[in-house]
Number of protein chains: 2
Amino acid sequence: MDVLKALQALADPTRMAVFNCIRGCGGASAYDCETGECDANEPGGVALCDVKCKVPCSPSTLTHHLNVLRDADLVWTERRGRKAYVQIRVETLRALAAFLLETK
Amino acid sequence: MDVLKALQALADPTRMAVFNCIRGCGGASAYDCETGECDANEPGGVALCDVKCKVPCSPSTLTHHLNVLRDADLVWTERRGRKAYVQIRVETLRALAAFLLETK
DNA sequence: TGAATTATTTGATGGCCATCGAATAATATG
DNA sequence: CATATTATTCGATGGCCATCAAATAATTCA
């Protein structure tokens with residue numbers, strides 16, 4: 001895992017907001033922008049369009065940030081129908097945390 | 001603790017090198033640039049001038065990066081004689097790691 | 001006090017990147 | 001197929017920041 005790349009990916013306010021939004025919703029159920037709640041019926045991540053509801057930025061900016069997060073192995077995405085769903089890669093977070101806690 | 005600020009502080013290659021250099025030396029004993037070893041006789045951190053040996057940048061740049069790291073509560077510095085010594089703030093690292101491992 | 005070592009301040013600059021709008025793509029549904 | 005929804009690509013731009021050199025400060029020691 002590229003520690004520096006992961007840190008750089010998280011070290012941006014907008015990306016952090018995206019990250020928190022994705023994490024904020026249980027991990028395995030989709031957040032619905034309309035109801036403002038997590039929909040446990042819809043499996044596998046949060047829909048991008050719902051992330052966009054929470055994080056104020058243009059669609060292209062959101063795509064850009066997701067690319068960065070994905071490139072750092074912090075999230076993975078999957079397209080289902082028109083929507084793209086995104087989920088956290090917990091292993092990477094664990095690896096990052098392990099790095100920070102390293103005692104040398 | 002300001003998570004974003006701490007991440008931003010670490011998300012730079014040079015600062016990461018500085019950080020690793022400081023961490024690399026036991027934490028409680030000074031690294032000596034000449035011998036290339038850690039001097040357990042000299043307590044409390046690594047001397048800045050020895051960090052400069054390891055991390056290729058100008059003195060002003062090094063000072064700048066230390067300010068950023070200190071401002072993020074990742075390190076603290078202390079002047080003893082001509083030299084400034086720097087040490088890691090482990091609590092902040094632990095808090096950062098805890099944030100990353102949070103399950104929401 | 002004068003010289004040497006170490007560190008900081010200041011101001012300038014170049015490069016990187018977050019952001020956007022517009023155009024395009026991908027998919028679903030009427 | 002036409003339209004709506006969602007997402008991506010592309011190019012341009014403005015702002016931030018890492019970096020440096022030069023000057024100054026802080027401290028020690030001869």
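All of these numbers come straight from a predicted model, not from anything done at the bench. Numbered from 1 within each chain, the chains take letters A, B, ... in sequence-line order.
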Exercise for review: Determine whether the side chains of A:Ser60 and A:Thr63 contain a donor N or O and an acceptor N or O closer than 3.5 Å.
Suggested key: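 No donor-acceptor contact under 3.5 Å links the two side chains.
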
Do [X] and [Y] have side-chain heavy atoms sitting under 4.5 Å apart?
| X | Y | result |
| --- | --- | --- |
| B:Leu74 | B:Ile88 | no |
| A:Ser58 | A:Thr61 | yes |
| A:Leu96 | A:Leu10 | yes |

Could you state the atom-to-atom distance from [atom1] of [X] to [atom2] of [N] in whole Å?
| X | N | atom1 | atom2 | answer |
| --- | --- | --- | --- | --- |
| B:Tyr85 | D:dA26 | OH | P | 19 Å |
| B:Gln8 | D:dA18 | CD | C1' | 14 Å |
| A:Lys83 | D:dA4 | NZ | C1' | 13 Å |
| A:Leu62 | D:dT9 | CG | P | 13 Å |
| A:Arg70 | D:dT9 | CZ | P | 8 Å |
| B:Asn67 | D:dT19 | CG | C1' | 14 Å |
| B:Glu78 | D:dT27 | CD | C1' | 15 Å |
| B:Asp12 | D:dA18 | CG | P | 5 Å |

Point to revise | Residue-phosphate contact under 4.0 Å: B:His64 side-chain N/O, C:dA7 OP1/OP2 | key: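 B:His64 to C:dA7 OP1/OP2: no side-chain N or O under 4.0 Å.
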
Measure from the side chain of [X], starting at C-beta and using heavy atoms only, and say which of [options] lies closest.
| X | options | result |
| --- | --- | --- |
| A:Ser58 | D:dC20, C:dA7, C:dG21 | C:dG21 |
| A:Ala84 | D:dA18, D:dA7, D:dT9 | D:dA7 |
| B:Arg79 | C:dT9, C:dT6, C:dA26 | C:dT6 |
| A:His65 | C:dA18, D:dT28, D:dT9 | C:dA18 |
| B:Ser60 | D:dA22, C:dC20, D:dA18 | D:dA22 |
| B:Arg82 | C:dT5, D:dA18, D:dC20 | C:dT5 |

Practice item. Please tell me which of B:Leu66 and A:Thr61 maps to the more 5' nucleotide of DNA chain C, matching each residue to the nucleotide holding its nearest heavy atom. Key: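 With B:Leu66 and A:Thr61 compared, the 5'-side residue is B:Leu66.
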
Exercise for review: Determine the minimum heavy-atom distance between A:Val75 and A:Arg89, stating which atoms define it.
Suggested key: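 Residues A:Val75 and A:Arg89, closest heavy atoms: O-NE, 3.8 Å.
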
